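The first residue of the sequence shown is numbered 1, and numbering continues consecutively from there. What you are looking at is a predicted structure, and each value in this text was computed from that prediction instead of being measured.
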Amino acid sequence: QVQLVESGGGLVQAGGSLRLSCAASGLTFRTYAMGWFRQAPGKEREFVSGISWSGAGTAYADSVKGRFTISRDNAKNTVYPQMNRLKPEDTAVYYCAADLWGGPRLGTANYDYWGQGTQVTVSS
């Protein structure tokens, strides 16, 4: 049974930082690209960042470029988005997802497995 478990969310002031993590089990982690998405109330789920299976390829939404960094540790089956200079508009539930064929890819339909999400709230 595949499980993706996010952690590290919480409440932070604008300008602050958070480091999320997503621990994977039940799959061959090193063969999957990993993505992070977020969904704010009343909005569609959107791509935030992604990383290829090897870590050599990364992608970021324009809204987070220069502020967020994604990395992975294949020995620990974990992916880490580091979020800096957070803004109130970053407030959302953040989800990690696994994509067997990704490089990474941006569309939600490309991802095979999803976590339950972790809430990030940025106060102004």
Side-chain angles (χ1 to χ4, degrees):
Q1 182 181 356
V2 175
Q3 283 193 311
L4 302 177
V5 180
E6 302 96 336
S7 61
L11 174 64
V12 63
Q13 288 189 331
S17 298
L18 278 176
R19 189 192 195 206
L20 305 182
S21 63
C22 172
S25 61
L27 51 71
T28 306
F29 182 73
R30 65 180 181 277
T31 66
Y32 283 78
M34 298 298 294
W36 280 88
F37 294 76
R38 65 187 181 188
Q39 189 165 18
K43 294 189 176 181
E44 291 189 354
R45 192 169 297 189
E46 64 176 1
F47 175 83
V48 176
S49 63
I51 189 166
S52 65
W53 65 271
S54 66
T58 57
Y60 297 93
D62 288 343
S63 59
V64 306
K65 278 182 182 175
R67 299 189 297 123
F68 290 13
T69 303
I70 189 169
S71 62
R72 66 189 293 161
D73 185 338
N74 285 346
K76 296 182 179 180
N77 287 5
T78 304
V79 59
Y80 306 98
Q82 175 69 42
M83 307 187 298
N84 299 325
R85 304 202 309 275
L86 284 159
K87 304 176 181 179
E89 50 264 45
D90 294 319
T91 294
V93 177
Y94 283 72
Y95 299 89
C96 75
D99 175 9
L100 182 58
W101 301 106
R105 297 187 287 185
L106 277 60
T108 57
N110 296 318
Y111 287 78
D112 305 292
Y113 303 104
W114 292 82
Q116 294 299 307
T118 185
Q119 176 70 46
V120 172
T121 303
V122 184
S123 63
S124 57

Show me the pairs that pass salt bridge (Lys or Arg N to Asp or Glu O under 4.0 Å) and involve residues 93-111, at least two apart or across chains.
D99-R105

Between the OG1 atom in T108 and the CD atom in E44, the distance rounded to the nearest 0.5 Å is 8.5 Å

If Ile, Leu, Val, Met, Phe, Trp and Tyr residues are connected whenever their side-chain heavy atoms lie under 4.5 Å apart, and connections chain through other members, are Y111 and Y32 in the same group?
no

Could K65 and D62 be called an ion pair, given the rule that one side-chain N must be under 4.0 Å from one carboxylate O?
yes

Are any side-chain N or O atoms of Y60 and backbone N or O atoms of I70, one a donor and one an acceptor, separated by less than 3.5 Å?
yes

For the pair T91 (side chain) and V122 (backbone), establish whether a donor and an acceptor sit closer than 3.5 Å, ignoring hydrogens and angles.
yes

Once you measure the plane-to-plane angle for F37 and W114, does it fall in the parallel (<30°), tilted (30-60°) or perpendicular (>60°) bin?
tilted

Answer whether the closest heavy-atom distance between the side chains of N74 and F29 falls below 4.5 Å.
yes

Working to the nearest 0.5 angstrom, can you tell me the gap between L4 CG and T78 OG1?
10.5 Å

Return the CZ to CZ distance between F68 and R85, rounded to the nearest 0.5 Å.
10.0 Å

Hydrophobic cluster identity match, L106 and Y95, side-chain contacts under 4.5 Å
yes

Enter the distance from F47:CZ to S63:OG here, rounded to the nearest 0.5 Å.
10.0 Å

What pair of heavy atoms forms the shortest contact from P104 to G57, and how long is it?
CD-O, 3.9 Å

Which heavy atom in R38 sits nearest to a heavy atom in Y94, and how many Å separate them?
NH1-OH, 2.9 Å

Minimal heavy-atom distance between A40 and A92, with the atoms involved, is N-CB, 3.8 Å

Does atom CD of Q116 have more than 12 heavy-atom neighbours, drawn from other residues, nucleotides or ligands, at distances under 6.0 Å?
no

Does V64 share a hydrophobic cluster with V120, counting links as ILVMFWY side-chain heavy atoms below 4.5 Å and allowing steps through other members?
yes

Ignoring hydrogens and angles, write down the donor-acceptor pairs under 3.5 Å from the side chains of residues 11-27, residues two or more places apart or on other chains.
from, atom 1, to, atom 2, distance (Å)
S17, OG, N84, OD1, 3.0
S21, OG, S7, OG, 2.8

Indicate yes or no: at least one non-hydrogen side-chain atom of D90 is less than 4.5 angstrom from one of M83.
no

At what distance, to the nearest 0.5 angstrom, does CE of M34 lie from OG of S71?
12.0 Å

Same cluster for I51 and L100 if Ile/Leu/Val/Met/Phe/Trp/Tyr side chains link at under 4.5 Å?
yes

